[in-house]
Amino acid sequence: MNLAIRGSALGSAFVLITALLTACAAPSARPTLAPPPALLLQGLPQVPASLATEVERYSDFAGHGWVDWHPTRREMLVSHRPVGGNTVQLYRLAGPLAEPEALTDGLDPVSRAWYEPREGRYVVLTRGTGGNEAYQLYRLDWADRRQTLLTDPDQRHSLDAWLHRSSLCLVSSVPLDRTAQNGRRNAVNTSLWMLDPALPAQRRSLAELPGTGWRAAAVSPDDRQVALLRYRSAGESEVWLMDLATGQRRQLLPAPGVGPVASHLPARFSADGRTLYLTSDRASEFRELMALDLASGALQRLDTPPPWDVEAVDLSADGSLLALQVNADGREQLQLVDSRTLSARPALPGMPPGSLGRLQFHPQRHELALSLSNAQGPSQLYSLDLSSGRFEPWTRARLHPALDRAALTEQQIVRWTSFDGRSISGLLNRPPARFTGRRPVLINIHGGPESQAKVGFAGRNNHLLQTLGVAILQPNVRGSSGYGKTFLALDNGRLREDSVKDIGALLDWIATQPDLDPSRVVVAGGSYGGYMSLAVATTYPERIAGSIDVVGISNFVSFLENTESYRRDLRRAEYGDERDPAMREFLQRISPLTQASRISRPLLVVQGLNDPRVPVTEAEQIVAQVRASGTPVWYLRADNEGHGFARKENADYQFYATVLFLRQVLGVGP
């Protein structure tokens with residue numbers, strides 16, 4: 001019996017016994033599901049075809065992502081995965097609830113694009129290959145849908161902003177390690193370019209900016225200046241002003257040598273160009289809207305700042321109104337503000353239910369585009385007519401006809417006290433009341449670590465809730481965004497293991513809940529959440545039934561040395577600098593790979609071969625080490641994916657593997 005597909009022999013007696021029992025218990029002709037061709041499977045049992053049928057109602061869904069407004073018409077670009085399609089592609093939407101017109105159809109997803117900003121003569125889109133995130137810019141022409149490469153494939157590019165009086169755009173670029181000697185770089189600079197997508201060969205270099213984290217955030221109305229963001233870490237960023245004619249630049253915020261270390265994120269220039277709107281946490285725990293007078297340097301704050309982070313800002317076409325996206329305890333809300341007085345407008349009645357995803361004003365109309373999601377469905381698009389206050393739907397999410405939307409309930413916020421007395425919160429989905437007794441729990445930890453679990457659509461996980469009766473808890477441990485800058489920094493550097501202790505306190509809390517079973521807990525996570533799942537497995541092995549690591553960090557030193565160089569300094573600011581001997585020793589000591597022998601419960605590892613953030617070596621070294629200690633490991637790798645699975649066929653198979661894993665270690669389902 002060959003139990004490995006495109007992989008090495010199984011390293012686990014547990015898996016072998018499981019497979020043999022499965023084969024003996026079922027008829028030889030029992031239908032199984034062949035994995036997609038790009039997947040490598042080690043240690044996984046075959047997936048019954050019946051499982052795919054059982055899960056289908058929860059996996060067959062698609063929303064619509066916001067992309068861009070047409071510059072003159074009431075028309076949108078949206079992203080959407082078509083029926084039977086594997087990836088999200090680009091569509092033109094001619095009006096509210098119109099039939100979307102497909103613009104792209106390829107192997108790789110397309111979710112970012114822009115109309116040419118004067119007349120919409122063409123579209124510029126961003127696309128990588130196989131999940132490598134080496135993004136290139138392409139011009140898509142209306143006549144033949146031909147895509148023309150605009151950028152150098154040996155670099156990673158971002159279209160940051162458009163000029164207002166022409167069809168020129170600002171592009172920032174960083175080199176890729178594959179072009180460096182020995183495949184890595186010690187230092188990286190950012191190049192800023194002026195590009196005409198119609199004449200790409202005539203691009204003009206504007207500046208060479210030291211280091212990474214630079215982005216052209218906003219262009220002044222007269223096209224003479226650009227506000228630059230220099231992002232150093234989640235807690236520290238700067239605003240610079242650059243002359244587009246000369247390339248000369250000066251630091252605006254914080255004032256050199258005197259300003260506070262804080263987050264400063266430029267958003268938009270005022271209509272007259274005298275003011276720069278931005279968000280900053282320099283005056284409080286949270287990022288709030290501020291207006292910087294460019295002549296005097298004076299900063300004006302919103303008259304009554306919300307006690308939560310402002311995560312996005314846009315300015316109306318006439319310059320009179322600002323739209324804010326406010327993160328209120330994991331729910332994104334809309335706030336309208338008078339741009340001249342910085343006074344908040346009253347909340348509008350009739351707002352559709354859900355958490356805000358994106359917002360953008362039409363460049364000529366008094367109309368705001370919004371994306372919203374909720375427990376009953378993924379992202380749907382609406383427009384808000386600012387004159388009438390009327391919300392109008394533009395898209396409807398696609399869901400399986402057999403799915404009972406009414407049964408899908410929203411997460412509730414729960415809180416527990418951690419080891420140091422600090423209150424930690426999370427989102428809890430409880431299964432329906434028909435599941436009696438204490439229910440098993442899946443703890444699903446977000447990545448980042450400067451990210452946040454937010455309310456919204458549970459997607460495939462609704463199968464775990466509705467069919468298997470598994471409770472799902474998404475913790476926002478210290479270091480998560482959304483709870484203030486002090487909380488954000490509580491896991492930095494040598495405080496890393498304190499976030500793991502937050503999960504230890506969560507396990508204590510679960511034991512106090514009459515409807516949750518502390519003896520049946522699986523911890524899972526992606527990216528940094530993958531590290532957390534491994535760290536919990538080494539710290540509290542006797543308190544969990546298993547763990548799932550998706551594109552996670554297994555060793556901080558090897559991660560920092562091998563992640564793409566354009567990300568390395570940003571990650572050192574969070575985790576510590578592995579070049580410092582004392583920090584290197586600390587990072588090695590706390591890494592799950594160093595303590596892999598303590599992982600005694602079954603482990604599922606998922607990885608993309610082309611991941612530029614957390615390289616595939618992070619997965620394969622923990623798989624080998626844990627197997628060597630005799631613990632069963634299932635390993636699933638996709639050779640056409642990067643930092644997570646973007647193709648539906650791969651994501652579906654990953655979910656089938658997850659369901660089989662949970663069935664075995666939690667004792668749920670058939």
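E450 and S481 are not linked by any side-chain donor-acceptor pair at a separation below 3.5 angstrom, with hydrogens and angles left out of the test. No hydrogens or angles considered: a donor-acceptor pair under 3.5 Å links the side chains of S383 and E367. Side-chain atoms of T129 and N132 include no donor-acceptor pair closer than 3.5 Å. Judged by distance alone, the side chains of E641 and N610 never bring a donor and an acceptor atom under 3.5 Å apart. Looking at D611 and H643, their side chains do bring a donor and an acceptor atom within 3.5 Å of each other. With no hydrogens or angles considered, a side-chain donor-acceptor pair links R127 and Q147 at under 3.5 Å. In this structure, a donor-acceptor pair under 3.5 Å is present between the side chains of N327 and E311. No hydrogens or angles considered: a donor-acceptor pair under 3.5 Å links the side chains of T563 and R567. Between the side chains of N640 and N650, at least one donor N or O lies within less than 3.5 Å of an accepting N or O. In this model, no donor atom of one side chain and acceptor atom of the other lie less than 3.5 Å apart for H362 and R74. With 3.5 Å as the limit, one finds no donor-acceptor pair spanning the side chains of D281 and S263. If you check the side chains of H64 and S79, you find no donor sitting under 3.5 Å from an acceptor. Side chains of S284 and E288: a donor-acceptor N/O pair is present below 3.5 angstrom, by distance only.
Across all non-hydrogen atoms, the minimal contact from V124 to Y122 is CG2-CE1, 3.9 Å. Across all non-hydrogen atoms, the minimal contact from G608 to V551 is N-CG1, 4.0 Å. For the pair L93 and E75, the tightest heavy-atom approach, listed with the atom from each and the gap, is O-CG, 3.3 Å. When all heavy atoms are compared, the tightest approach of A291 to T275 is CB-CG2, 3.7 Å. Contact record, F487 with V477: CE2-O, 3.3 Å, taken as the closest heavy-atom pair. Closest of all the heavy-atom pairs between G319 and S339 is O-OG, 2.6 Å.
Within the 3.5 Å criterion, the main-chain N or O of S565 finds a donor-acceptor partner in the side chain of D177. Remark: the backbone N or O of R215 is not paired with any side-chain donor or acceptor of R230 at under 3.5 angstrom. Proximity of a side-chain donor or acceptor of R282 to a complementary backbone N or O of A262 within less than 3.5 Å is not detected. The main-chain N or O of S373 is never found under 3.5 Å from a side-chain atom of S379 such that the two would form a donor-acceptor pair. Here the side chain of D152 pairs a donor or acceptor atom with the backbone of D154 at under 3.5 angstrom. Side-chain atoms of Q607 come within 3.5 Å of backbone atoms of V614 as a donor-acceptor pair (strictly under, hydrogens ignored). In this structure, R584 contributes its side chain and D577 its backbone to no donor-acceptor pair below 3.5 Å. Put simply, the side chain of H80 gets close to the backbone of G63: a donor and an acceptor are under 3.5 Å apart.
Using cut-offs of 30° and 60° for the angle between ring planes, the Y528 and Y531 rings count as tilted.
Atom OG of S355 and atom CG of L372 lie 8.0 Å apart (nearest 0.5 Å). Note: D196 CG to S166 OG = 7.5 Å, rounded to the nearest 0.5 Å. Note that the CG atom of L253 and the OG atom of S237 stand 9.5 Å from one another [nearest 0.5 Å]. Taken from CZ in F269 to CG in L315, the straight-line distance is 12.0 Å, to the nearest 0.5 Å.
Put simply, the side chain of L370 does not reach to within 4.5 Å of the side chain of L381, judged on heavy atoms. Considering only heavy atoms from C-beta on, R571 comes within 4.5 Å of F559 through its side chain. Side-chain contact between L386 and L321 is present, with heavy atoms from C-beta onward closer than 4.5 Å. Counting only heavy atoms from C-beta outward, the side chains of Y91 and V110 never approach each other to under 4.5 Å. The side-chain heavy atoms of T104 and L140, taken from C-beta on, include a pair separated by under 4.5 Å. The shortest distance between side-chain heavy atoms of M194 and L206 falls below 4.5 Å. Between M583 and E578, every side-chain heavy-atom pair lies at or beyond the 4.5 Å cut-off. Here the side chains of D309 and V326 are not in contact, with every heavy-atom distance at 4.5 Å or above.
Residue pairs that meet the ring-ring contact (aromatic ring centres under 6.0 Å, His included) test with at least one member in residues 224-246, sequence neighbours left out, are W214-W240.
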For side-chain hydrogen bond (donor to acceptor under 3.5 Å, both in side chains), just list the numbers for Q225 and D243, CA-CA rounded to whole Å, side-chain angles, deciding distance to a tenth of an Å, and then say yes or no.
-> CA-CA 5 Å; Q225 301 182 103; D243 187 293; over 6 Å; no
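The only member of L163, L228, L159 that meets side chain to side chain contact (heavy atoms under 4.5 Å, CB included) when paired with L170 is L163. None of R358, R268, Q325 except one satisfies the side chain to side chain donor-acceptor pair (under 3.5 Å) rule with D314; the exception is R268. Just one of Y115, W114, W394 meets the ring pair (Phe, Tyr, Trp, His ring centres under 6.0 Å) condition when paired with W69; it is W394. Partner R613 forms a salt bridge (Lys or Arg N to Asp or Glu O under 4.0 Å) with one of E564, E618, E133 and no other, that one being E133.
R92 is linked by a salt bridge (charged side-chain N to carboxylate O under 4.0 Å, His left out) to E101, counting only residues two or more places apart in sequence or in another chain. In this structure D569 satisfies the salt bridge (charged side-chain N to carboxylate O under 4.0 Å, His left out) test together with R572, sequence neighbours excluded. For H157, the ring pair (Phe, Tyr, Trp, His ring centres under 6.0 Å) test picks out no residue, with sequence neighbours left out. Looking at residues two or more places apart in sequence or on another chain, you find a salt bridge (charged side-chain N to carboxylate O under 4.0 Å, His left out) between R478 and D420, D502. In this structure, the salt bridge (charged side-chain N to carboxylate O under 4.0 Å, His left out) partners of R496, at least two apart in sequence or on a different chain, are D491, E574.
Shown here is L149, whose CG atom has more than 12 heavy atoms of other residues, nucleotides or ligands within 6.0 Å. By the neighbour-count criterion of 12 heavy atoms within 6.0 Å, atom CZ of R224 is sparsely surrounded, having that number or fewer from other residues, nucleotides or ligands. Shown here is R81, whose CZ atom has more than 12 heavy atoms of other residues, nucleotides or ligands within 6.0 Å. Atom CZ of R249 sits in a crowded spot, with more than 12 heavy atoms from other residues, nucleotides or ligands closer than 6.0 Å. Surrounding CD of E208 are more than 12 heavy atoms belonging to other residues, nucleotides or ligands, all under 6.0 Å away.
Between R139 and E116, no side-chain nitrogen of the basic residue sits less than 4.0 Å from a carboxylate oxygen of the acidic one, so the salt-bridge criterion is not met. At a threshold of 4.0 Å, the pair D108-R647 counts as salt-bridged, since one of the basic side-chain nitrogens sits closer than that to a carboxylate oxygen. Taking the charged nitrogens against the carboxylate oxygens, R146 and D144 have no contact shorter than 4.0 Å, which rules out a salt bridge.
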